[in-house]
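Every chain is numbered from 1, with letters handed out A, B, ... down the list of sequences.
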Protein chains: 2
Amino acid sequence: MKLRILVVDDEPEIIELVEFNLKQAGYAVTTAADGAEALKKARTQTPDLIVLDVMLPEMDGFEICKALRLDAATAKVPIIMLTAKAAEIDRVLGLELGADDYLTKPFSPRELLLRVKKILARFQTEEKPKEQLRFGDLLIDLPRHIVTWKNKPIEMTATEFKLLTILAQRAGRVQSRDQLLRDVWEYDSLIDTRTVDTHMRRLREKIGAASKHLDTVRGVGYRFVE
Amino acid sequence: MKLRILVVDDEPEIIELVEFNLKQAGYAVTTAADGAEALKKARTQTPDLIVLDVMLPEMDGFEICKALRLDAATAKVPIIMLTAKAAEIDRVLGLELGADDYLTKPFSPRELLLRVKKILARFQTEEKPKEQLRFGDLLIDLPRHIVTWKNKPIEMTATEFKLLTILAQRAGRVQSRDQLLRDVWEYDSLIDTRTVDTHMRRLREKIGAASKHLDTVRGVGYRFVE
DNA sequence: CAACCATGTGACGATTCGGTGACGAAATGA
DNA sequence: TCATTTCGTCACCGAATCGTCACATGGTTG
């Protein structure tokens, strides 16, 4: 499925340039020449990204941006602003507006593409955290704070649960002891890194057969294997 | 590591001026006087940025630009075009060429430096370090801390993994033993440089056929060849 | 060819690393 | 309050890994 991009600008040449390049790169592009059209298309087509010029007749880019954010249907769509003045950058990225990136004119098509890719990559991978993690017979239920093995509950402490969860959420990726200390214990560890080992041991003990998922990578850290 | 800039122009005065200023600013500069030379150097030296004059004998800047884009090895290098005519700007930044910025002659050295910095900053920050390195049948997965050859995992120790990774990330460039000690062992090595040899040997042993990628450069160090 | 130097190789002792059980402190809960 | 659970640290052990050495090998130089 192609990613959809809405381009908002009133200058036909810019529109043409941007549209051509984005289409070339495999995106589905729709365009709008003014604020009213932009808002309407944003709501009806739910694009994955909006490229928005600041300088527009009637409703300017700032206003459109604000309006987009206020509408629940479009509030979360990433926006890249096009601006002629470097001085406007602060306002563009400011809190009230919340654009996700900006480009100052003149910009090269390649530059635009880089930004588009970067922003889309960021938003695309930002999947909402799953409520349940399942690996074979092992089930981790985050909201319920329950772990089961073959449907049989496994008792464990809060720290152990968090440790297991963090590892499972990054299944496959090796986590160093320092990393784990930061993420599980949160405050910058005044804690001995060996503490992680002890908790891993207790965790392994409790989850029994499921401990086959918990891998030690000597000299590096621990890893959850699927 | 200094950023490398290739300057392409046929007028010696311009070359000299640009080269002096860029070097002053801490860049590594190489120059080319015509299209053929430019293409060759662009491919062999993999500069981080190319400053390209439009007006050149034989092959003009537009053609060179196009040729650079068509070659995978140079397609992603940002280009700043130098042009005498403001009227050419559209073409320079336009669809078919895709230069990343332009300067109209005459330009001041400060102006050039500003552009160079701007462009380099943009493209430099976009590059995220790769999570996977693939060379033929050899795959190095950094976050997973796994190396495979023809999809078959290769066991190795943490040090060996780091050594291989560092070499692979700098594929093609020879690394001295001292360099490797610094980067792999991190602290300023109280360690014998011959230790590197031993680890290279163990590494080669373990990765078997893939060791064809590991080159010894007599008298200098080791190199990862693609 | 001979001497020399850089690198490959195998072996070995030293060190590091992770698993483990134990213990007291801290937190929890009745 | 007291009993119980959970936590962080420690000491110890076996095993994996490391750094170094001595020697072999092979390329280079005169």
Using only atom types and a distance under 3.5 Å, with no angle test, would you say the side chain of B:Asp100 pairs donor to acceptor with the backbone of B:Ile80?
no
Decide, yes or no, whether a salt bridge links B:Lys162 with B:Asp183 under the criterion of side-chain N to carboxylate O below 4.0 Å.
no
With a 4.0 Å cutoff (strictly under), does any side-chain N or O of A:Arg202 reach OP1 or OP2 of C:dG19?
no
How is A:Thr195 classified with respect to the nucleic acid when contacts are heavy atoms under 4.0 Å: base, sugar-phosphate, or nothing?
base
Ion pair A:Arg134/A:Glu226, N-O distance below 4.0 Å:
no
Counting any heavy atom closer than 4.0 Å, what does B:Val217 reach on the DNA or RNA strands: base, sugar-phosphate only, or nothing?
sugar-phosphate
Ignoring backbone atoms, establish whether B:Thr216 has a side-chain N or O less than 4.0 Å from OP1 or OP2 of C:dT7.
no
Could you write out each protein N or O paired with an N or O of nucleotides 25-30 of chain D at a distance under 3.5 Å?
residue: D:dG26; atom: N2; partner: B:Arg218; partner atom: NH2; Å: 3.2

Look at A:Trp185 and D:dC7 and indicate whether a side-chain polar atom (N or O) is within less than 4.0 Å of OP1 or OP2.
no
Determine the contact category for A:Thr159: base if any of its heavy atoms lies under 4.0 Å from a base atom, sugar-phosphate if only primed atoms, P, OP1 or OP2 are that close, otherwise nothing.
sugar-phosphate
Could you tell me how far apart A:Asp197 (CG) and C:dG21 (P) are, to the nearest whole angstrom?
14 Å
Rounded distance in Å - NZ (A:Lys206) to P (D:dT5)
11 Å
Round to a whole Å and report the spacing from CD of A:Glu160 to C1' of C:dA27.
15 Å
Strictly below 4.0 Å: does A:Thr198 bring a side-chain N or O up to OP1 or OP2 of D:dC7?
no
Output yes when at least one side-chain N/O atom of A:Arg204 is less than 4.0 Å from OP1 or OP2 of C:dG19, else no.
yes
Taking atom P of C:dG19 as reference, at what distance in whole Å does atom CG of A:Asp215 sit?
10 Å
Taking atom types as modelled and ignoring hydrogens, do the side chains of B:Thr216 and B:Arg204 form a donor-acceptor contact shorter than 3.5 angstrom?
yes
Should A:Lys206 and A:Glu160 count as an ion pair when the cut-off is N to O under 4.0 Å?
yes
A:Lys162 NZ to D:dT6 P: how many Å, rounded?
17 Å
Looking at C:dA6, I'd like to know if its phosphate oxygens (OP1 or OP2) sit under 4.0 Å from a side-chain N or O belonging to B:Tyr222.
no
Take the protein atom CE of A:Met200 and the nucleotide atom P of C:dG21, then report the distance between them rounded to whole Å.
16 Å
In terms of side-chain heavy atoms, does B:Gln175 have a donor or acceptor partner in B:Arg170 at a distance below 3.5 Å?
yes
Rounded to whole angstrom units, what separation is found between the CG atom of A:Leu180 and the P atom of D:dG8?
13 Å
Taking NE2 from A:His199 and P from C:dG19, how many angstroms apart are they, rounded to a whole number?
14 Å
Nearest-nucleotide pick for A:Arg177, side chain only, options being D:dC18, C:dG18, D:dT20
C:dG18
B:Arg201, nearest nucleotide to its side chain (from C:dG10, D:dT17, D:dT6)
C:dG10
Verify the contact: side-chain N or O of A:Arg194 to OP1 or OP2 of D:dG8, cut-off strictly under 4.0 Å; return yes or no.
no
Only distances under 3.5 Å count here; give the side-chain donor-acceptor pairs of residues 141-154 of chain A to other protein atoms, sequence neighbours excluded, each with its distance to 0.1 Å.
residue: A:Asp141; atom: OD1; partner: A:Arg144; partner atom: N; Å: 3.0
residue: A:Asp141; atom: OD2; partner: A:Gln132; partner atom: NE2; Å: 3.0

Residues which pass side-chain hydrogen bond (donor to acceptor under 3.5 Å, both in side chains) with B:Thr30, listed by chain and number, not counting sequence neighbours
B:Gln45
